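Because the structure is a prediction, the values reported are computed rather than measured. Letters A, B, ... mirror the listed sequences (proteins, then strands); counts begin at 1.
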2 protein chains.
Amino acid sequence: MNISEAARHSGLSAKTIRYYEDIDLVAPATRGANGYRQYDAKAVEELHFLARAREVGFDLTECRQLLELQRDHSRQSRHARQLVLQKSEQLQSRIEQLLAMQQVLQAMAQRCRGDEGPECAILEDLSGPSEAEGKP
Amino acid sequence: MNISEAARHSGLSAKTIRYYEDIDLVAPATRGANGYRQYDAKAVEELHFLARAREVGFDLTECRQLLELQRDHSRQSRHARQLVLQKSEQLQSRIEQLLAMQQVLQAMAQRCRGDEGPECAILEDLSGPSEAEGKP
DNA sequence: CTTGACCTTACAGCCACTGGAAGGTTTACA
DNA sequence: TGTAAACCTTCCAGTGGCTGTAAGGTCAAG
């Protein structure tokens with residue numbers, strides 16, 4: 001199987017697969033007589049594994065750890081679980097941060113007339129003092 | 001006012017202020033006899049404006065547009081409002097994406113025993129078929 | 001007069017790719 | 001057999017928004 005078919009099956013792009021090989025995230029693919037990379041089912045599975053790990057938010061360092069766990073027959077499932085829970089907490093923080101940002105945006109939009117005139121609560125809000133600076 | 005004081009007042013780092021000048025996001029600061037950048041209240045306000053815009057999620061291209069609007073006395077507030085609403089929608093999409101990722105992680109963690117043994121629902125989930133591939 | 005805290009520029013690195021150039025190979029079809 | 005399209009290869013550069021570091025100049029306090 002050539003790289004583009006492996007890409008289709010794994011959910012990664014051919015570029016990304018080469019990149020993962022480059023940074024030693026996956027072992028170098030075997031090569032055909034023409035120098036083309038060749039992938040068997042096992043290699044594609046590993047690529048698919050990486051695609052799914054990336055999809056749920058793991059960075060490449062974490063993907064490396066997950067891959068190590070997957071390869072390790074004497075692993076302890078608590079290690080995988082810890083990575084997952086830690087990532088979930090990270091996502092939680094990020095979500096809360098984005099929600100807070102969105103609330104500020106919504107509040108701004110509500111106070112702005114949004115018409116043809118120059119008066120603009122949004123630009124005033126951005127220019128003005130921080131909302132952290134409360135009046136005592 | 002030197003750059004580090006401007007940094008303290010604006011909420012940006014000195015590095016970031018130099019960078020913003022570098023990419024022409026803000027006008028070059030005036031220089032003292034020693035070559036040091038000098039900032040007056042107006043310049044600091046603009047930097048503060050940028051810090052706040054970044055905080056609520058605008059990228060530098062959008063910051064540029066917001067800054068243009070702020071400078072433009074014949075602006076129309078609907079333009080600012082549109083930028084804000086658009087950004088809010090982008091944040092909404094991103095939040096939903098992160099929530100979906102987090103749900104997958106939570107489901108994985110729940111199915112995993114997380115003990116000393118090698119059996120691991122998480123690694124199985126990552127190895128197995130996509131959840132998009134349902135059984136008919 | 002030294003110490004330490006500033007300031008300057010310039011360049012490298014981060015993350016996780018993506019795009020493009022320049023060239024080799026394979027496949028389908030006339 | 002020719003050729004065009006669709007593959008494949010490597011290598012280098014660019015993305016965004018900074019941050020780190022090096023090598024040097026300046027300034028205020030003691």
Side-chain angles (χ1 to χ4, degrees), chain A residues 1-26 28-40 43-44 46-67 87 90-91 94 97-98 101, chain B residues 1-26 28-40 43-44 46-67 87 90-91 94 97-98 101:
Chain A
M1 189 188 311
N2 284 344
I3 197 169
S4 63
E5 202 180 344
R8 269 190 298 278
H9 281 84
S10 65
L12 297 170
S13 75
K15 277 272 192 200
T16 298
I17 294 175
R18 283 192 206 101
Y19 173 68
Y20 284 0
E21 184 179 315
D22 234 49
I23 62 169
D24 290 316
L25 184 55
V26 296
T30 54
R31 302 287 183 130
N34 50 16
Y36 288 13
R37 287 175 183 80
Q38 285 187 323
Y39 297 87
D40 58 13
V44 168
E46 206 160 76
L47 293 171
H48 190 202
F49 180 95
L50 288 169
R52 313 250 277 131
R54 291 288 295 126
E55 276 168 23
V56 295
F58 289 106
D59 64 29
L60 294 190
T61 300
E62 292 157 343
C63 284
R64 219 178 277 271
Q65 296 175 49
L66 286 167
L67 219 42
K87 182 55 60 182
Q90 283 171 21
L91 288 185
R94 183 71 181 138
Q97 193 184 12
L98 294 184
M101 288 157 59
Chain B
M1 192 188 305
N2 284 345
I3 197 169
S4 63
E5 202 180 346
R8 269 190 298 276
H9 281 84
S10 65
L12 297 171
S13 74
K15 275 271 191 203
T16 298
I17 294 174
R18 284 191 207 102
Y19 172 68
Y20 285 179
E21 184 180 315
D22 233 50
I23 62 170
D24 290 314
L25 183 56
V26 297
T30 54
R31 302 288 184 128
N34 50 15
Y36 288 13
R37 286 174 183 81
Q38 285 186 323
Y39 297 87
D40 57 14
V44 169
E46 207 161 75
L47 294 171
H48 190 202
F49 180 95
L50 288 169
R52 313 251 274 131
R54 292 287 295 126
E55 275 167 24
V56 296
F58 290 106
D59 63 30
L60 293 190
T61 302
E62 291 156 344
C63 283
R64 220 179 277 271
Q65 296 174 49
L66 287 167
L67 218 41
K87 181 55 58 184
Q90 284 171 22
L91 287 185
R94 183 71 181 139
Q97 194 185 9
L98 294 184
M101 288 157 60

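One finds the CD atom of B:E46 at 10.0 Å from the CG atom of B:D40 (value rounded to the nearest 0.5 Å).
Looking at which nucleotide of DNA chain D each of B:A33 and B:T61 is closest to, the 5′-most match is held by B:T61. Residues B:G35 and A:F58 both approach DNA chain C. Their nearest nucleotides, taken by heavy-atom distance, put B:G35 toward the 5′ side.
Candidate nucleotides C:dT8, D:dT9, D:dT19 were compared by shortest atom distance to the side chain of B:R31, and C:dT8 ranks first. For B:L60, whose side chain is taken as the heavy atoms from C-beta onward, the closest listed nucleotide among D:dT10, C:dT9, D:dC18 is D:dC18. Taking every side-chain heavy atom of B:Y19 into account, D:dG17 is the closest of C:dC7, D:dG17, C:dA16. Each of D:dT26, C:dT18, D:dT10 was ranked by its minimum atom distance to the side chain of B:Y36; first place goes to D:dT26. Considering only the side chain of A:S4, D:dC8 comes nearest among C:dG20, D:dG17, D:dC8.
Nucleic acid contact for A:I3: sugar-phosphate only, since backbone atoms but no base atoms lie under 4.0 Å from a heavy atom of the residue.
Side-chain N/O atoms of A:T16 include one lying less than 4.0 angstrom from OP1 or OP2 on C:dT18. Between B:R54 and D:dC18, a side-chain N or O to OP1/OP2 separation shorter than 4.0 Å is present. Checking the phosphate oxygens (OP1, OP2) of D:dG17, no side-chain nitrogen or oxygen of B:Y20 falls inside 4.0 Å. The side chain of B:R64 contributes no N or O atom lying less than 4.0 Å from OP1 or OP2 of D:dG17. The shortest distance between the side-chain N/O atoms of A:N34 and the OP1/OP2 oxygens of C:dT26 is below 4.0 Å.
Interface remark: the B:K15 side chain does not form any donor-acceptor pair with the D:dG17 base, using a distance-only criterion of under 3.5 Å.
Here the side chain of B:N2 pairs no donor or acceptor atom with the backbone of B:S4 at under 3.5 angstrom.
Separating the CG atom of B:L25 from the P atom of D:dC18 is a distance of 9 Å, rounded to the nearest angstrom. Between A:R37 atom CZ and D:dC7 atom P there is a gap of 17 Å when expressed in whole angstrom units. B:E5 has its CD atom 15 Å from the C1' atom of D:dC27, to the nearest Å.
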